[in-house]
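Please read all numbers here as calculations on a predicted model, not as lab measurements. Labels below follow one simple rule: chain letters A, B, ... track the order of the sequence lines, proteins then strands, and each chain is numbered from 1.
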Amino acid sequence: MKIGYPCINRSIGCSGNKTFQLKSFTKERLLETVQSNLDCLEKILIFNVINHLLFFRISSDLVPFASHPIMSINWQEEFKNRFKSIGEYIKEKNIRISMHPGQYTVLNSPSSDVVQRSAAELDYHAQILELMDLTSEAKIQLHVGGVYGNKLESLQRFIRNYRQLNSRIKRYLVVENDERSYCLVDCLNISAETGAPVLFDVFHESIFTKNFMLNTALELQKETWSDSDGIPMLDYSSQKADGKMGAHSDDLVSLDFLDFINESQPYEFDLMLEIKNKEKAALEALELVKADSRFRG
DNA sequence: TCACGTCAAGCAGAT
DNA sequence: ATCTGCTTGACGTGA
């Protein structure tokens, strides 16, 4: 099991998701921002390797406005050597990579404009992975989208629109359950129709379905990942103690986490910790898992 | 230097 | 109707 955290590292003093406002878009501004984001991504990956955190989610802000109509710059060409060398590092160190487009990427929207922009945004993510020459073990995780008052139709629209995507996107795309509209079973149904693996978010499912069976979930999820997809990815979060149901806590809740690790035996997966304290929480988790396996022998 | 209004984009649920 | 949260706050103007 590899343990990772998303997008941001708070220890090393750089930001890999710098952006700027659309109205200040210039070629210079874009190039300098992407350069700086790539510099920081490299530093984060080196930090992660030193600290044995071999799973990382790359920020969608790596190339600001990449899929926006304003983008007239061939950033792929400008930075292809940079992407290639970062990709070589990732492969050399055996780092698992994921990406997660934002809330505006909605593949099942009734608006064809939204669907087209979403496909463009997905293609941008896929291009990053492709420029790094990563295999289909790297993944782009996407929620199903909206319900629009008719869940069955909306599920079918997702499947239809998925089938229209280009092969570069399909190679990397996985479907993730959310906490209010589409649960694990919905994603499994989509997977059966599309072949897309399911990324299981444990926290989302625990909000959606009280007392779900973790082992059953992991068994069903596992079947959607083929050899070329690698072992399944999971998202894990801790509930904020005094926060609303569904609020992410700042820190890893150790006892809950150890329960989860024990209950998830014997399934294999890579674990993304969606916890505000990022690499700090991931490092704690790593220590807990190490100590726990020593304890169990 | 700092405060704070705003930022490309969608949707659902709470207030 | 308006606000909030979402994988993640950061940008940028004005004081």
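Among B:dC11, B:dA8, C:dT8, the nucleotide with an atom closest to any side-chain atom of A:Asn17 is C:dT8. Which of B:dC11, C:dC6, B:dA8 sits closest to the side chain of A:Ser67 comes down to B:dA8. For A:Glu121, counting side-chain heavy atoms from C-beta on, the closest listed nucleotide (C:dT7, B:dA8, B:dG10) is B:dA8. Comparing B:dA8, C:dT7, C:dG12 by their nearest atom to the side chain of A:Glu274 picks out C:dT7. In this structure, the nucleotide among C:dT8, C:dC11, C:dC6 sitting nearest to the side chain of A:Glu179 is C:dC6. The side chain of A:Ser181 has B:dA12 as its nearest neighbour among B:dC11, B:dA12, C:dG12. Closest to the A:Arg29 side chain, of the nucleotides B:dC11, C:dC11, B:dA8, is C:dC11.
We find that CZ of A:Phe56 is positioned 13 Å from P of C:dT8, with the value rounded to whole Å. Atom CG of A:Asp201 and atom P of C:dC6 are 12 Å apart (whole Å). A straight line from CD of A:Gln116 to P of B:dA8 spans 21 Å, rounded to a whole angstrom. If you take NZ of A:Lys23 and C1' of C:dG12, they are 8 Å apart, rounded to a whole angstrom. Rounded to a whole Å, the CG atom of A:Leu271 is 15 Å from the C1' atom of C:dT7. As rounded to whole Å, 16 Å separates atom C1' of C:dA10 from atom CG of A:Leu62. Here the P atom of nucleotide C:dG14 and the CD atom of A:Gln21 are 12 Å apart, to the nearest Å. Between the NZ atom of A:Lys278 and the C1' atom of C:dT7 there is a distance of 7 Å, given to the nearest Å.
Among the heavy atoms of the strands lying under 4.0 Å from A:Ser109 are primed sugar atoms or P, OP1, OP2 only; no base atom is included. The residue A:Ser59 sits apart from the nucleic acid: no heavy atom pair falls under 4.0 Å. Residue A:Gly102 is in base contact, counting any heavy-atom pair closer than 4.0 Å across all strands shown.
In this structure, A:Tyr5 has its ring center closer than 6.0 angstrom to the ring center of A:Phe56. Ring centers of A:Phe208 and A:Tyr182: at least 6.0 Å apart, outside the cut-off.
Pairing for C:dG9 goes to B:dC7, judged as Watson-Crick or G-U wobble with the two contacts each under 3.5 Å.
Looking only at distances, no side-chain donor or acceptor of A:Arg57 sits under 3.5 Å from a matching main-chain atom of A:Glu274.
When hydrophobic clusters are built by joining Ile, Leu, Val, Met, Phe, Trp and Tyr residues whose side-chain heavy atoms come closer than 4.5 Å, directly or via intermediates, A:Ile3 is grouped together with A:Leu288.
Mapping A:Lys276 and A:Arg180 onto DNA chain C by nearest heavy atom places A:Arg180 at the nucleotide closer to the 5' end.
The C1' atoms of C:dT7 and B:dT1 are separated by 31 Å, rounded to the nearest whole Å. The same atom, P, is picked in C:dA1 and in B:dA8; the two are 27 Å apart, to the nearest Å. The P atoms of B:dT6 and C:dC3 are separated by 12 Å, rounded to the nearest whole Å. Using atom P as the reference point in both B:dG10 and C:dC11, the two lie 23 Å apart (nearest Å). One C1' atom belongs to B:dC2, the other to C:dT8, and the distance between them is 23 Å to the nearest Å.
At C:dT7, one or more side-chain N or O atoms of A:His143 fall inside 4.0 Å of OP1 or OP2 (strictly under the cut-off). For the pair A:Ser24 and C:dG12, the criterion of a side-chain N or O lying under 4.0 Å from OP1 or OP2 is met. A close approach under 4.0 Å does occur between a side-chain nitrogen or oxygen of A:His204 and OP1 or OP2 of C:dT7.
Defined by atom type and a distance below 3.5 Å, a donor-acceptor pair is present between the side-chain atoms of A:Asp123 and A:Gln127. Between A:Asn177 and A:Asp201, the side chains place no donor N or O within less than 3.5 Å of an acceptor N or O (distance only, hydrogens not considered).
Taking a centre distance below 5.5 Å and an interplanar angle below 30 degrees as the stacking criterion, A:Tyr104 stacks against the six-membered base ring of B:dA9.
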Working note: A:Phe212 + A:Val202, criterion side chain to side chain contact (heavy atoms under 4.5 Å, CB included); need CA distance, chi angles, decisive distance, verdict. CA-CA 10 Å; A:Phe212 71 95; A:Val202 181; 4.1 Å; yes

